[in-house]
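Below is one structure, written out as structure tokens; the observations come after it.
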Amino acid sequence: MLKFFSEGELETFKQQGYLVVRGLYKAAEIEQIKAWVDEVQSLPEIPGKYMMYFEDSLLEPGKRVLSRIENFCPYHKGFHELINGEEMLQRVHELFDEPAILFKEKINFKMPGGNGFTPHQDAQAGWNDYASLFITVLITIDESTVENGCLELAVGYHQRGLIGELWKPLTEENIKGMEFIPVPAKPGDAVFFDSYAPHRSGPNLTGHPRRVLYLTYNRRSEGDHRLQYYADKRKSYPPDIEREPDKKYVFKV
Ligand SMILES: O=C(O)CCC(=O)C(=O)O
Ligand SMILES: [Fe+2]
């Protein structure tokens, strides 16, 4: 039974591999979520907890800016309730046509000077070691535009499985013929997308952050993998504060 989506929205999701939902959160709700984002953004870096990643600013050489925080749900009641709450789980259930469970959560900050993302399918980041399909919900915190690096998606390529290789972005050859459609969005707008939907985004060369919340779920029937995923990621790609000084860490996909 559909409670939140219409048959038409379901159909669009199936055909395109993504679905844009304008105004999923009303002004007051997204203001609250924005305040939570501000809270986690100013948390101190602590080993063994939530995972903070930094990048070199493209605008101010030598400056490190916050790029991403992951695994913050257990440390923030508001986010925990939003992310595992009835509405979000039910919405993803409707898209999977079966119950869903949280796989991972992150905020991409894309601060002024923050870099973009080369074309990829999220499944290229080894997610299929955990489950066969994921649905990610993008929740817009700050208005996102072509200028500050909004998400761009290719329509209708999600049923082709892995188009590229694992742990590598899509190549020129892989994306031949694909058209990436920018999805500018206002605070509170959401995009639900399939883990095989190719996407990319540009850098943020404006003076304001472009913050986005990404919540990723898998079918509950395929198991609860969140803790194992983060244990594995902490080892293979640790947050900045847990890194060994002489080792080089490269972001892959
Ligand atoms: O936030 C963006 O601009 C894109 C991020 C993305 O595709 C990812 O983190 O996998
Ligand atoms: Fe991605």
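Atoms within a ligand are numbered from 1 in the order they appear, just like the ligands themselves. The structure presented is a predicted model; accordingly, all values stated were derived computationally and were not measured.
- Tyr237 carries Arg243 over the face of its six-membered ring, with the cationic atom under 6.0 Å from the centre and within 45° of the normal.
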ask   = How far apart are the C-alpha atoms of Phe192 and Phe5, what are their side-chain angles, what is the distance that settles it, and do they pass the ring-ring contact (aromatic ring centres under 6.0 Å, His included) test?
value = CA-CA 12 Å; Phe192 293 76; Phe5 288 122; 5.2 Å; yes
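- For the pair Arg160 and Tyr196, the cation-pi test (distance below 6.0 Å, angle within 45°) is failed.
- Applying side-chain contact (heavy atoms from CB on, under 4.5 Å) to Glu143 and the options Lys186, Arg210, His208 leaves one that passes, Lys186.
- With Glu244 contributing its side chain and Asp246 its backbone, the two residues share no donor-acceptor pair below 3.5 Å.
- Put simply, the side chain of Gln124 gets close to the backbone of Lys168: a donor and an acceptor are under 3.5 Å apart.
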Quick check on ligand 1: any N or O pairs to the protein under 3.5 Å? One line per pair.
residue  : atom   : partner : partner atom : Å
ligand 1 : 1 (O)  : Asn108  : ND2          : 3.1
ligand 1 : 1 (O)  : Arg210  : NH1          : 3.3
ligand 1 : 1 (O)  : Arg210  : NH2          : 2.9
ligand 1 : 1 (O)  : Tyr214  : OH           : 2.7
ligand 1 : 3 (O)  : Lys110  : NZ           : 2.9
ligand 1 : 3 (O)  : Ser201  : OG           : 2.6
ligand 1 : 3 (O)  : Arg210  : NH1          : 2.8
ligand 1 : 7 (O)  : His120  : NE2          : 3.1
ligand 1 : 7 (O)  : His199  : NE2          : 3.0
ligand 1 : 9 (O)  : Lys106  : NZ           : 2.7
ligand 1 : 9 (O)  : Asn108  : ND2          : 3.2
ligand 1 : 10 (O) : His120  : NE2          : 3.2
ligand 1 : 10 (O) : Asp122  : OD1          : 3.2

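- Take a cut-off of 2.8 Å around the Fe ion (ligand 2): the protein N, O or S atoms inside it are His120 NE2, Asp122 OD1, His199 NE2.
- A salt bridge does not link Asp56 with Lys63: every distance from a Lys NZ or Arg NE/NH1/NH2 to an Asp or Glu carboxylate oxygen is 4.0 Å or more.
- Between Lys14 and Glu11, no side-chain nitrogen of the basic residue sits less than 4.0 Å from a carboxylate oxygen of the acidic one, so the salt-bridge criterion is not met.
- Seen from the ring of Tyr130, Lys233 does not count as a face-on cation partner, given the 6.0 Å and 45° thresholds.
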